[in-house]
Amino acid sequence: MRLLQAEELFRKVLEVGSKNKAARLLGLDVGSKYVGVAVSDEKNRIALPLSVLCRTKTNINLMADDFKTLVSKYSIDGFVVGYPFNLHGQPSPDAVQVRLLAGELCKTGKLDDLSYTYWDENFTSKCVEALLHPLNLKNRDEAKTMTDKFAAVCILQGYLDNMNRKLRSTDKSEA
């Protein structure tokens with residue numbers, strides 16, 4: 001896996017997608033116990049909830065295999081990884097676990113042909129919790145996994161909206 005700037009990853013995915021049937025993105029909300037996963041549609045405009053993977057210190061190879069399966073099934077060309085910044089734009093203490101997961105996935109060698117970028121995840125889980133609160137979910141595990149899955153949607157959707165907006169404004173200025 002190779003770390004790219006946000007715009008560079010998006011242009012790469014669009015370029016691959018124009019040559020092939022589709023090239024999509026996975027959005028990840030990395031937590032200490034779970035990783036929420038979302039997938040973009042084939043036009044990279046809409047983020048959709050996909051799944052939640054359990055995260056432990058010993059299952060990184062299993063996670064890499066799960067990602068490899070998703071890559072194949074959904075024609076994934078890159079990852080958008082939620083990255084926690086504080087209100088001053090500096091990485092928060094929780095950012096360590098995000099970098100750790102990305103580094104561990106890289107070390108497996110199973111995802112070497114993919115790229116990833118970090119994207120600000122500020123308040124995504126809090127927003128999702130507020131949206132889910134009226135549902136009054138009784139099962140804590142179900143509520144937590146739904147929060148993680150939809151936080152991944154928020155991260156990926158924010159990225160897609162921003163990149164598509166930049167692309168449109170670039171296209172208009174060139175015309």
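Heavy atoms only: backbone and side chains are in, while hydrogens, waters and symmetry mates are out.
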Between Glu42 (side chain) and Ala22 (backbone), is there a donor-acceptor pair under 3.5 Å?
no
Same cluster for Val35 and Leu111 if Ile/Leu/Val/Met/Phe/Trp/Tyr side chains link at under 4.5 Å?
yes
So how far is it from Lys107 NZ to Asn61 CG, rounded to the nearest 0.5 Å?
12.0 Å
Verify side-chain hydrogen bond (donor to acceptor under 3.5 Å, both in side chains) between Thr56 and Asn59, making sure each step is shown before the conclusion.
CA-CA 6 Å; Thr56 66; Asn59 77 337; 3.2 Å; yes
Which heavy atom of Pro91 sits nearest to which heavy atom of Ala95, and what is that distance?
CB-CB, 4.0 Å
Side chains of Tyr83 and Arg99: donor-acceptor distance under 3.5 Å anywhere?
yes
Atom CG of Asp77 and atom OG of Ser115: how far apart are they, to the nearest 0.5 Å?
6.5 Å
To check you understand the geometry: which heavy-atom pair defines the closest contact between Gly27 and Ala152, and what is its length?
O-CB, 3.6 Å
Donor-acceptor pair, Asn44 side chain versus Ala23 backbone, under 3.5 Å?
yes
Is there a side-chain contact between Leu101 and Ile60 in this structure, where contact means two heavy atoms from C-beta onward sitting under 4.5 Å apart?
yes
Dump the intermediate steps for salt bridge (charged side-chain N to carboxylate O under 4.0 Å, His left out) on Lys110 and Asp65, then the final yes or no.
CA-CA 7 Å; Lys110 296 179 180 185; Asp65 290 339; 2.8 Å; yes
Do Arg24 and Asp41 sit within salt-bridge range, that is, some charged N less than 4.0 Å from a carboxylate O?
no
Quick check against the 3.5 Å criterion: does Arg45 have a side-chain atom that pairs as donor or acceptor with the backbone of Leu160?
no
Would Leu26 and Leu50 count as a side-chain contact (heavy atoms from CB on, under 4.5 Å) if you check the C-alpha gap in whole Å, the side-chain angles of each, and the deciding distance to 0.1 Å?
CA-CA 9 Å; Leu26 280 183; Leu50 194 57; 3.9 Å; yes
Quick check: does any side chain N or O of Asn162 sit under 3.5 Å from a backbone N or O of Gly158, one acting as donor and the other as acceptor?
no
Evaluate Gln157 against Asp161 for side-chain contact (heavy atoms from CB on, under 4.5 Å), listing each step before the verdict.
CA-CA 6 Å; Gln157 190 65 56; Asp161 289 346; 2.8 Å; yes
Nearest heavy-atom neighbours spanning Arg55 and Gln97
NH2-O, 3.2 Å
So Val30 and Leu100, do their side chains get closer than 4.5 Å, heavy atoms only?
no
Could you report the tightest heavy-atom contact between Thr108 and Ala64, atom names first, then the distance?
OG1-CB, 3.7 Å
Could you go step by step and tell me if Phe79 and Leu25 meet the side-chain contact (heavy atoms from CB on, under 4.5 Å) rule?
CA-CA 6 Å; Phe79 296 96; Leu25 292 162; over 6 Å; no
The test is side-chain contact (heavy atoms from CB on, under 4.5 Å); show your working for Tyr116 and Val80 and say whether it passes.
CA-CA 6 Å; Tyr116 69 101; Val80 177; over 6 Å; no
